[in-house]
*Asks:* 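The structure follows.
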Amino acid sequence: MLADSYVQKCSELSIITKYWSVLFEAFWGYDRHVSIQWGDTLPAACIDVGLTFRVDIRVLLQTEFGDLEAATGEVISQKHLSASKLYREKLKSVLSSKSHLNTLLARLRTIKAHEVKSIYIPIVQVMGLECTVYALSLVDKNLYLLQTVNVFLFPRTLTDLRSEGIEKILNGFAQVEHMLTRLEDTLPTYSGDTTSAMAAITGGTKKAKQFNYAQWISPVITNTSSEDVEDSDDDDDDVSDSGI
């Protein structure tokens, strides 16, 4: 049994290394297409839009078209869990994920408008021994939607294990895996025009219509500086309203 007093003493790094990284790596560690980066790294897509804060968890998909930033996550220790901390970390993940979604759509030259709505960027938020999975998507032009997909707990007692504690974690991971698989399949399917050039010349077929991603995405805008959004364990000041 993991006592409350012990969990309360655990730092963010302890929460990652002792508990959650073990489960994440056990589930995805043998997948040669998935690479998980732990601990304060800076996604390239965020640098491109002027965001300089670092994220705790990054999931990269290794594809034939290069690495794809597929998911982000933040970790909060039980000791420093507060409303301001929770929303600050969630804001970082949402801003990062929006930049990743925008970058991906810019590469999908032939995707149909209705298929854009089926692309989801997973977000993982760990709060002590609780994990919440979100999904960010575009439901219409310039309209982004963040949905809660699953919430599960790290089993602390035999009762938790007997109450399908492991199965609930696997179900949550499977939902993330489903979104990652969709992302992995999207690039080779829509990043190039597979229409026959000869048939297009002779009038047999029409060239695939180019997707106008600029009509769908909106820029990543924050009313706070990256330094204000950057987390600090002993900083629980309120975060000003920020847009995505």
*Asks:* So, Ser118 and Arg182: side-chain donor and acceptor under 3.5 Å apart, yes or no?
*Replies:*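 Checked: Ser118/Arg182 side chains pair up, N/O donor to acceptor below 3.5 Å.
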
*Asks:* Between CD1 of Ile111 and OG1 of Thr189, what distance do you get to the nearest 0.5 Å?
*Replies:*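 Answer for the CD1-OG1 pair, Ile111 versus Thr189, is 9.0 Å.
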
*Asks:* So, Ser96 versus Ser93: side-chain donor-acceptor pair below 3.5 Å or not?
*Replies:*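 Absent: no donor and acceptor within the cut-off.
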
*Asks:* Side chains of Asn102 and Tyr144: is there a donor and an acceptor less than 3.5 Å apart?
*Replies:*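 Short answer, yes.
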
*Asks:* So does Glu69 pair up with Arg107, basic N to acidic O under 4.0 Å?
*Replies:*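 Looking at Arg107 together with Glu69, the answer is no, because their closest N to O distance does not fall below 4.0 Å.
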
*Asks:* Side chains of Thr103 and His100 only: does a donor on one sit below 3.5 Å from an acceptor on the other?
*Replies:*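 No, no side-chain donor-acceptor contact under 3.5 Å.
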
*Asks:* Show your working on salt bridge (charged side-chain N to carboxylate O under 4.0 Å, His left out) between Glu12 and Lys85 and close with a plain yes or no.
*Replies:* CA-CA 13 Å; Glu12 290 182 5; Lys85 178 79 169 177; 3.6 Å; yes

*Asks:* Are a donor atom and an acceptor atom from the side chains of Glu25 and Tyr30 found within less than 3.5 Å of each other?
*Replies:*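 The answer is no; no qualifying pair exists.
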
*Asks:* Test your reading of the model: is there a side-chain donor-acceptor pair from Lys141 to the backbone of Ile217, 3.5 Å cut-off?
*Replies:*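 Such a contact is absent between Lys141 side chain and Ile217 backbone.
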
*Asks:* Any donor and acceptor pair, going by atom type alone, linking the side chain of Ser14 with main-chain N or O of Cys10 inside 3.5 Å?
*Replies:*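 No, Ser14 side chain to Cys10 backbone: no donor-acceptor pair under 3.5 Å.
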
*Asks:* Return a table of donor-acceptor pairs under 3.5 angstrom between the side chains of residues 15-22 and protein atoms on other chains or two or more places apart.
*Replies:*
| unit_1 | atom_1 | unit_2 | atom_2 | d |
| --- | --- | --- | --- | --- |
| Thr17 | OG1 | Leu13 | O | 2.9 |
| Lys18 | NZ | Tyr6 | OH | 2.7 |
| Trp20 | NE1 | Gly128 | O | 2.9 |
| Ser21 | OG | Ile16 | O | 2.7 |
| Ser21 | OG | Thr17 | O | 3.4 |

*Asks:* Just by distance, do the side chain of Gln125 and the backbone of Glu74 share a donor-acceptor pair under 3.5 Å?
*Replies:*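 Between the backbone of Glu74 and the side chain of Gln125 there is no qualifying donor-acceptor contact (under 3.5 Å).
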
*Asks:* Check whether Glu115 reaches the backbone of Lys112 with its side chain - one donor and one acceptor, N or O, closer than 3.5 Å.
*Replies:*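 Yes, Glu115 side chain to Lys112 backbone: donor-acceptor pair under 3.5 Å.
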
*Asks:* Gln37 and Ser35: side-chain donor and acceptor closer than 3.5 Å?
*Replies:*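 Yes, Ser35 and Gln37 have a side-chain donor paired with an acceptor closer than 3.5 Å.
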
*Asks:* Within the 3.5 Å criterion, strictly below it, is a donor on Ser11 or Ser77 matched to an acceptor on the partner's side chain?
*Replies:*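 Short answer, no.
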
*Asks:* I'd like to know if the side chain of Asp67 pairs up with that of Gln62 as donor and acceptor (distance under 3.5 Å, no hydrogens or angles considered).
*Replies:*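 No, no side-chain donor-acceptor contact under 3.5 Å.
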
*Asks:* Classify the ring geometry of Trp28 against Phe173: parallel below 30°, tilted from 30° to 60°, perpendicular beyond 60°.
*Replies:*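 If you compare the ring of Trp28 with that of Phe173, the planes turn out tilted.
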
*Asks:* Please enumerate all residues that pass side-chain contact (heavy atoms from CB on, under 4.5 Å) together with Glu167, with sequence neighbours excluded.
*Replies:*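 Glu164, Asn171.
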
*Asks:* Are Lys168 and Asp160 close enough for a salt bridge, meaning some N to O gap below 4.0 Å?
*Replies:*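 No, no charged N to carboxylate O under 4.0 Å.
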
*Asks:* Look at the rings of Phe24 and Trp38 and say which category their plane angle falls in: under 30° parallel, 30 to 60° tilted, over 60° perpendicular.
*Replies:*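 Perpendicular: the ring planes of Phe24 and Trp38 meet at over 60°.
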
*Asks:* I'd like to know whether NE2 of His33 has more than 12 heavy-atom contacts from other residues, nucleotides or ligands below 6.0 angstrom.
*Replies:*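 Above 12, so yes.
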
*Asks:* Should we count CZ of Phe27 as having more than 12 external heavy atoms under 6.0 Å?
*Replies:*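 More than 12 heavy atoms, drawn from other residues, nucleotides or ligands, come within 6.0 Å of this atom.
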
